There are 2 protein chains.
Amino acid sequence: MATIYDVAERAGVSLATVSRVMNKNTNVGEKTKQKVLAAMAELDYRPNTFAQSLASNSSNSIGVLVSQLDGPYYGPMMAEIESALRAANKHVIIAVGHSDAAQEIDSVEFLLGRGCDALILDVEAVSDEYLIELSQGATPIVLINRYISEISERCIYLDNELGGYLATRHVLELGHRDIAYVSGPKRKHDANERLEGHKKALAEFDVVYKPSLCFEGDYKEDGGVVAMEHLLDSAQRFSAVVCANDQMVSGAISVCLERGLKVPGDLSFVGYDNIPFARYISPKLTTVNNPIHEMGKMAALWLLKNIYKNDQLEVTNVFVPELVVRGSARRPGNK
Amino acid sequence: MATIYDVAERAGVSLATVSRVMNKNTNVGEKTKQKVLAAMAELDYRPNTFAQSLASNSSNSIGVLVSQLDGPYYGPMMAEIESALRAANKHVIIAVGHSDAAQEIDSVEFLLGRGCDALILDVEAVSDEYLIELSQGATPIVLINRYISEISERCIYLDNELGGYLATRHVLELGHRDIAYVSGPKRKHDANERLEGHKKALAEFDVVYKPSLCFEGDYKEDGGVVAMEHLLDSAQRFSAVVCANDQMVSGAISVCLERGLKVPGDLSFVGYDNIPFARYISPKLTTVNNPIHEMGKMAALWLLKNIYKNDQLEVTNVFVPELVVRGSARRPGNK
DNA sequence: CTGCAACGTCGTAAATGGTAGCCATAAGTC
DNA sequence: GACTTATGGCTACCATTTACGACGTTGCAG
């Protein structure tokens with residue numbers, strides 16, 4: 001492989017000039033520039049990234065840590081991050097934290113050890129303190145899906161409470177009063193925020209929150225199955241079910257269908273996240289839009305702006321969820 | 001940050017010895033080893049990966065190029081690759097090719113330029129010749145989802161024709177004779193292979209293949225929608241629809257439901273891929289299992305075995321699809 | 001008992017391929 | 001003639017890996 005020396009020699013210029021041409025910060029005469037460019041092309045020269053990284057102490061790589069890679073949730077986010085970063089010629093190194101504190105920390109260390117210039121983190125298990133301390137280190141971080149007031153400008157997040165509120169208010173406005181809620185895991189921040197929103201909406205309509213109508217799911221389809229079976233078997237009355245994410249809705253609906261219940265005839269459902277599949281499930285899911293892909297993109301832009309000093313980029317930190325009304329919820333008793 | 005030099009000094013040994021302790025390939029006396037280890041711990045020493053890469057000319061990173069990151073398909077694959085590689089302390093750099101030749105080639109160059117030790121490629125648009133040539137380069141590659149006879153040992157793939165055959169044979173065995181087929185994009189290898197399997201099954205049952213009953217979709221939900229509308233509007237008779245992937249089935253079913261058609265009462269469906277959602281769609285999808293996550297894992301293991309010389313790893317190149325019978329297909333006329 | 005080869009252990013120093021800053025020089029500009 | 005701009009030529013530096021060689025110990029043959 002050709003080195004920068006070979007290029008310099010072939011172009012008849014010095015090392016320094018070649019370096020100047022590549023890092024177009026200083027002035028180089030047009031003619032010499034062309035000579036150098038020609039030499040680089042002839043030799044099929046590619047700067048050795050290892051050497052560049054060593055000398056400049058930066059790798060042009062961004063570590064992205066997500067909770068999981070499968071499931072409908074993170075794909076769109078990763079896609080946006082990759083494309084935004086790639087356009088800036090940065091590359092993304094991925095790691096998975098599995099919503100487990102030890103694994104999350106381990107992954108952060110791993111990414112740091114790999115010399116990432118910055119980190120995009122979607123972590124759930126790790127403490128606020130850990131993240132605050134981490135943010136004071138040499139490697140900049142951005143948080144997706146999490147709000148920590150001390151480092152709020154590094155947080156890209158959704159107003160989950162508002163989303164939870166919107167979902168429940170929708171069924172309340174339709175006339176439902178007996179509303180079951182399938183929450184996400186209590187250890188997850190967003191799950192609790194969504195639940196708070198749910199409670200807030202109930203309170204606003206003077207409906208008392210019954211813990212017995214709230215079931216803690218796992219954010220997966222199967223959690224919806226288990227929750228629905230539990231709820232149905234508990235012989236409690238309810239005409240609507242609000243789920244903390246769409247995957248659980250789909251699980252829950254599948255149980256209803258199996259038991260001969262009509263959706264939304266007998267039971268109304270509202271989901272959360274607006275995953276791509278939501279519109280192809282039958283009935284089409286009424287849900288709360290979670291612009292996760294935009295948040296991914298924003299995290300990438302934040303980095304580009306703040307780390308690589310690419311200004312003229314506008315970043316928004318907080319995203320507001322919106323209700324997407326489709327067909328899974330309607331007035332009670334209106335079969 | 002402490003350097004290897006600091007460690008050497010503190011341990012009272014030379015640079016080389018410290019290096020030897022880290023890369024446990026050569027012999028170091030137990031006593032010195034302990035001294036070095038102690039010094040490293042005291043200084044919280046972490047080798048600088050940039051320098052390691054420069055000196056060793058290897059980065060411990062694997063480039064993974066996939067067609068897309070969103071959708072239900074690649075997530076599980078990426079998850080397996082990441083976990084297998086991470087366990088071996090390698091990291092994965094991702095790139096997206098978008099099923100476009102130019103972008104795929106660009107991504108390969110990008111990954112190569114980043115000094116990846118090896119590449120895992122799931123590419124569709126690029127030619128066999130390109131890949132054969134690439135495989136002769138310095139950087140080893142593994143292909144997922146593609147078979148090229150010249151480099152067959154580097155291919156990890158599914159017998160797609162068999163899968164297509166299985167899907168169609170299933171509805172044939174149920175008694176269907178008028179069978180529509182929604183194919184994937186003709187430019188994709190796997191789409192054509194699946195279609196071949198379909199034709200083979202038809203022939204076996206002496207049913208003539210009608211091009212008018214075959215519609216080219218795009219492998220996405222919306223393609224299923226478009227295909228179904230087209231098929232339904234064409235006023236042709238058919239009692240079963242075989243789709244080249246599950247996403248299109250879900251789109252197709254949503255059209256049927258909207259038009260008041262019962263599934264599988266009026267129309268039977270068979271999908272392909274067995275995506276996680278397949279069992280939560282109503283009716284639960286009868287489909288062909290595509291062990292994409294296992295193939296991802298296998299690709300990673302192949303690399304570990306062949307590049308990093310980690311023997312005692314068994315690798316399988318070809319995976320066989322299996323029919324998963326659930327509820328979306330039944331006998332014709334049996335409502 | 002001795003001589004020496006083999007071996008394990010460790011240090012020295014040379015790559016590895018760049019970046020970046022400094023200063024000198026030459027040519028062009030006002 | 002002072003000033004600016006383009007370029008060359010050095011050199012220090014980045015943190016490792018690795019070839020090569022030195023040194024001491026051991027075991028074995030003569």
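In what follows, chains are A, B, ... by sequence order, proteins preceding strands, each numbered from 1. If you're wondering where the values come from, they're calculated on a predicted model, not measured in any experiment.
Residues forming a salt bridge (charged side-chain N to carboxylate O under 4.0 Å, His left out) with B/D128 (at least two apart in sequence, or on another chain): B/R146. A search for salt bridge (charged side-chain N to carboxylate O under 4.0 Å, His left out) contacts involving B/K33 returns nothing, not counting sequence neighbours. Every salt bridge (charged side-chain N to carboxylate O under 4.0 Å, His left out) that A/R10 has, sequence neighbours left out, goes to A/E42. Taking the side chain to side chain contact (heavy atoms under 4.5 Å, CB included) definition, one finds that B/I105 meets it with B/E109, B/V126, B/Y130, sequence neighbours left out. With sequence neighbours excluded, no residue satisfies salt bridge (charged side-chain N to carboxylate O under 4.0 Å, His left out) with A/K35. Listed by chain and residue number, nothing satisfies the side-chain hydrogen bond (donor to acceptor under 3.5 Å, both in side chains) test with A/Q103 (two or more places apart in sequence, or in another chain).
For the segment residues 6-15 of chain A, residues with any heavy atom less than 4.0 angstrom from an atom of DNA chain D are, sorted by number, A/G12, A/V13, A/S14. Taken residue by residue, residues 43-54 of chain A places heavy atoms nearer than 4.0 Å to DNA chain C at A/Y45, A/R46, A/P47, A/N48, A/A51, A/Q52, A/L54.
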Short heteroatom pairs, N/O only, protein and nucleotides 19-27 of chain D, under 3.5 Å:
none

Pick out the pairs of N or O atoms, protein on one side and nucleotides 7-9 of chain C on the other, that lie under 3.5 Å.
none

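A/I4 places its CD1 atom 14 Å from the C1' atom of C/dT16, with the value rounded to the nearest Å. Distance CG (B/N60) to P (D/dT16): 14 Å, rounded to an integer number of Å. Between the P atom of C/dT19 and the CG atom of A/N57 lies a distance of 14 Å, rounded to the nearest Å.
For the OP1/OP2 pair of C/dT19 and a distance below 4.0 Å, the side-chain nitrogens and oxygens of A/S56 include no atom meeting the criterion. Taking only side-chain nitrogens and oxygens, B/T3 never comes nearer than 4.0 Å to OP1 or OP2 of D/dA15.
A pairwise comparison of heavy atoms in B/T139 and B/D117 identifies CG2-O, 3.6 Å as the closest pair. Closest approach of A/S152 and A/Y147 over heavy atoms only: CB-CE1, 3.5 Å.
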Could you walk me through whether A/D190 and A/Y219 pass the side-chain hydrogen bond (donor to acceptor under 3.5 Å, both in side chains) test, one step at a time?
-> CA-CA 11 Å; A/D190 55 1; A/Y219 268 163; 3.3 Å; yes
Please report the C-alpha distance between A/L143 and A/L131 in whole Å, then the side-chain angles of each, then the deciding distance to 0.1 Å, and finally whether the side-chain contact (heavy atoms from CB on, under 4.5 Å) criterion is met.
-> CA-CA 9 Å; A/L143 263 30; A/L131 291 169; 4.0 Å; yes
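The number of heavy-atom neighbours closer than 6.0 Å to CD of A/E133, taken from other residues, nucleotides and ligands shown, is 12 or below. More than 12 heavy atoms of other residues, nucleotides or ligands lie within 6.0 Å of NZ in A/K90, so this atom counts as buried by the packing criterion. Crowding of A/K220 atom NZ: a count of heavy atoms from other residues, nucleotides or ligands under 6.0 Å not exceeding 12.
One end of the helix from C/dC1-D/dG30 to C/dC30-D/dG1 points its axis 40° away from the other end's axis, with each axis taken from 5 pairs and the angle rounded to 10°.
Using a 3.5 Å distance cut-off with no hydrogens or angles, the side chains of B/Y73 and B/N145 do pair a donor with an acceptor.
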List the atom pairs, donor and acceptor, that lie under 3.5 Å between side-chain atoms in residues 77-89 of chain B and the rest of the protein, sequence neighbours left out.
unit_1: B/E82; atom_1: OE2; unit_2: A/V96; atom_2: N; d: 3.3
unit_1: B/R86; atom_1: NH1; unit_2: A/S107; atom_2: OG; d: 3.3
unit_1: B/R86; atom_1: NH2; unit_2: A/D106; atom_2: OD2; d: 3.0
unit_1: B/R86; atom_1: NH2; unit_2: A/S107; atom_2: OG; d: 3.2

